Protein chains: 2
Amino acid sequence: MAEMKDTKRDILDAAEQLFAVKGPHATSLRQIIGRAKVNLAAVHYHFGSKDSLLQAVMARRLVPLNAERLALLEEQERKCGRRVIPLRKVLVALVGPALRLSRNSKKGGAVFMQLLGRCFMEPDPKIQAMLDRQLQEVAGRFIPALQRALPKLPTEDFFWRIHFLVGAMAHTMADAERLRTFSGGRCDPDDTEVMIDQLVNFLTAGFKAKSR
Amino acid sequence: MAEMKDTKRDILDAAEQLFAVKGPHATSLRQIIGRAKVNLAAVHYHFGSKDSLLQAVMARRLVPLNAERLALLEEQERKCGRRVIPLRKVLVALVGPALRLSRNSKKGGAVFMQLLGRCFMEPDPKIQAMLDRQLQEVAGRFIPALQRALPKLPTEDFFWRIHFLVGAMAHTMADAERLRTFSGGRCDPDDTEVMIDQLVNFLTAGFKAKSR
DNA sequence: CATTGATTCAAACGTCCGTTTGAATCAGGC
DNA sequence: GCCTGATTCAAACGGACGTTTGAATCAATG
């Protein structure tokens with residue numbers, strides 16, 4: 001990574017910031033190159049197109065993030081041996097790394113989290129396809145783990161609750177800041193560990209609700 | 001309402017449809033007037049600007065929707081007299097009318113629901129301000145009711161869970177269709193009553209989780 | 001029928017967009 | 001010093017955008 005040219009990284013940083021705050025669709029290449037202080041053509045020289053730039057922005061952080069998720073899940077599998085991984089542990093492995101990004105990255109972490117949340121909500125089929133591609137492996141490993149942790153839950157209920165999980169997580173990533181003002185300062189979205197606790201707590205209870 | 005000119009209503013219908021499917025930002029006035037089969041200038045003649053058009057699209061359905069929510073809440077208050085309204089009843093009054101819009105409106109219902117979910121996720125401050133204005137009264141009445149239904153829940157936890165509720169609800173409104181393919185056809189987002197049940201069920205359990 | 005105000009229309013406005021081009025600049029190997 | 005390939009640059013491309021304009025059309029009134 002250290003050999004990445006300044007121009008390329010400057011573009012990624014500026015694009016990440018602006019995509020996250022204004023949304024990919026509402027951000028122009030000219031705004032990006034203005035912030036990155038590079039030439040307009042540099043974007044197409046290094047990335048090819050605006051779409052590919054977004055893809056690169058996402059992949060830069062999503063690849064290690066998903067690797068961390070899978071590693072945490074495998075660690076739990078090792079710990080539990082033949083036994084089933086408790087629901088809470090699976091959820092922590094899934095949402096923890098994403099929410100924690102806001103702290104442990106020097107910068108850009110909170111910003112990227114917001115972007116990831118936004119991409120979940122973007123109607124643009126190009127963006128959706130990109131996300132699906134990035135999340136395919138994670139979904140393929142976590143869904144069976146979740147299902148094993150909830151053996152008595154009917155499949156239909158299970159998928160509904162996955163859907164609600166995605167909504168709560170995406171909204172929390174995209175707009176945690178809104179909670180500060182909305183709660184009159186009583187909640188602090190910068191305290192990531194509290195955030196993870198609150199979300200996992202809420203989701204665990206939701207998943208364990210008896211079906212009707 | 002019956003006296004609304006065809007042109008005005010045609011524009012609202014076309015705009016609602018396109019805003020919902022592609023997102024307000026990615027929809028151009030020229031696409032709207034193409035679908036509505038009216039002249040481009042008619043939009044500015046009747047609505048003034050693209051922003052005002054979106055506002056009008058939202059208000060047309062959001063005003064009666066919010067009125068229904070408040071009416072349902074007041075009905076519960078009457079029924080319960082001095083007692084506290086059960087959590088589940090409050091949640092049904094809040095999310096039921098929104099989710100049910102997809103059925104009981106001749107057309108445009110499901111479409112508008114999707115648009116409402118999208119607007120929740122839109123970064124554009126103009127759209128956010130518009131939503132806040134529309135939802136102020138509803139929030140002011142429902143939050144105290146929720147708080148009364150959860151007297152033992154610490155305020156901080158309470159606001160976190162409201163945040164999760166908004167995320168799950170918005171995602172369900174904006175992208176219920178995704179659940180069909182994702183669940184391999186096992187869930188049917190068109191069955192609104194099941195959808196309401198599933199969501200209320202999940203949220204009720206989440207809200208009642210003991211705090212840590 | 002003439003007049004008036006409301007509505008529709010085709011055409012254009014200026015601006016910003018993503019992308020392309022071709023020349024200028026820079027680096028390192030011969 | 002010169003060549004070569006990689007990078008940067010200013011400038012322009014065609015197209016789409018939201019908005020404005022001014023004339024044409026329509027409906028109703030006196």
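Reckoned from all heavy atoms, side chains included, excluding hydrogens, waters and symmetry mates. Treat the numbers as computed from the prediction; the structure is a model and nothing was measured. Chain letters run A, B, ... following the sequence lines, proteins first, then strands; residues in each count from 1.
OP1 or OP2 of D:dC17 sits under 4.0 Å from a side-chain N or O of B:S28. Here A:H46 reaches the OP1 or OP2 of D:dT8: one of its side-chain N or O atoms lies under 4.0 Å away. For C:dT7, neither phosphate oxygen OP1 nor OP2 lies less than 4.0 angstrom from any side-chain nitrogen or oxygen of B:N39.
Each of B:T7 and A:K50 was matched to the nucleotide of DNA chain C holding its nearest heavy atom; the match closer to the 5' end belongs to B:T7.
Rounded to an integer number of Å, the gap from OH of A:Y45 to C1' of C:dA24 is 14 Å. Distance NE2 (A:H44) to C1' (D:dC13): 13 Å, rounded to an integer number of Å. C:dC17 atom C1' lies 14 Å from atom CG of A:D51, rounded to whole Å. Nucleotide D:dT8 holds its C1' atom 14 Å from the CG atom of A:D10, rounded to whole Å. In this structure, A:D6 places its CG atom 9 Å from P of D:dT8, rounding to the nearest Å. When rounded to the nearest whole Å, the span between CG of A:L18 and C1' of C:dC17 equals 16 Å. Nucleotide D:dT8 holds its C1' atom 15 Å from the NZ atom of A:K8, rounded to whole Å. If you take CD1 of A:I33 and C1' of D:dA11, they are 13 Å apart, rounded to a whole angstrom.
Across B:M113 and B:A98, no two heavy atoms sit closer than the pair SD-O, 3.4 Å.
Checking D:dT7, D:dA12, C:dT8 against every side-chain atom of A:L40, the shortest atom distance belongs to D:dA12. Checking C:dT19, C:dT8, C:dA10 against every side-chain atom of B:A41, the shortest atom distance belongs to C:dA10. Relative to the side chain of A:R30, the nucleotides C:dA6, C:dT19, C:dA12 differ in distance, and C:dT19 lies closest.
Between the side chain of B:R35 and the backbone N or O of B:D10, no donor-acceptor pair lies under 3.5 Å.
Using a cut-off of 4.0 Å between Lys/Arg side-chain N and Asp/Glu carboxylate O, A:D188 and A:R180 are scored as salt-bridged. Remark: A:E68 does not engage A:R100 in a salt bridge, criterion side-chain N to carboxylate O under 4.0 Å. The pair A:E16-A:R60 meets the salt-bridge criterion, with a side-chain N (NZ, NE, NH1 or NH2) lying under 4.0 Å from an Asp/Glu carboxylate O.
Within the nucleic acid shown, B:T27 comes within 4.0 Å of sugar-phosphate atoms alone, with no base atom in reach, counting heavy atoms only.
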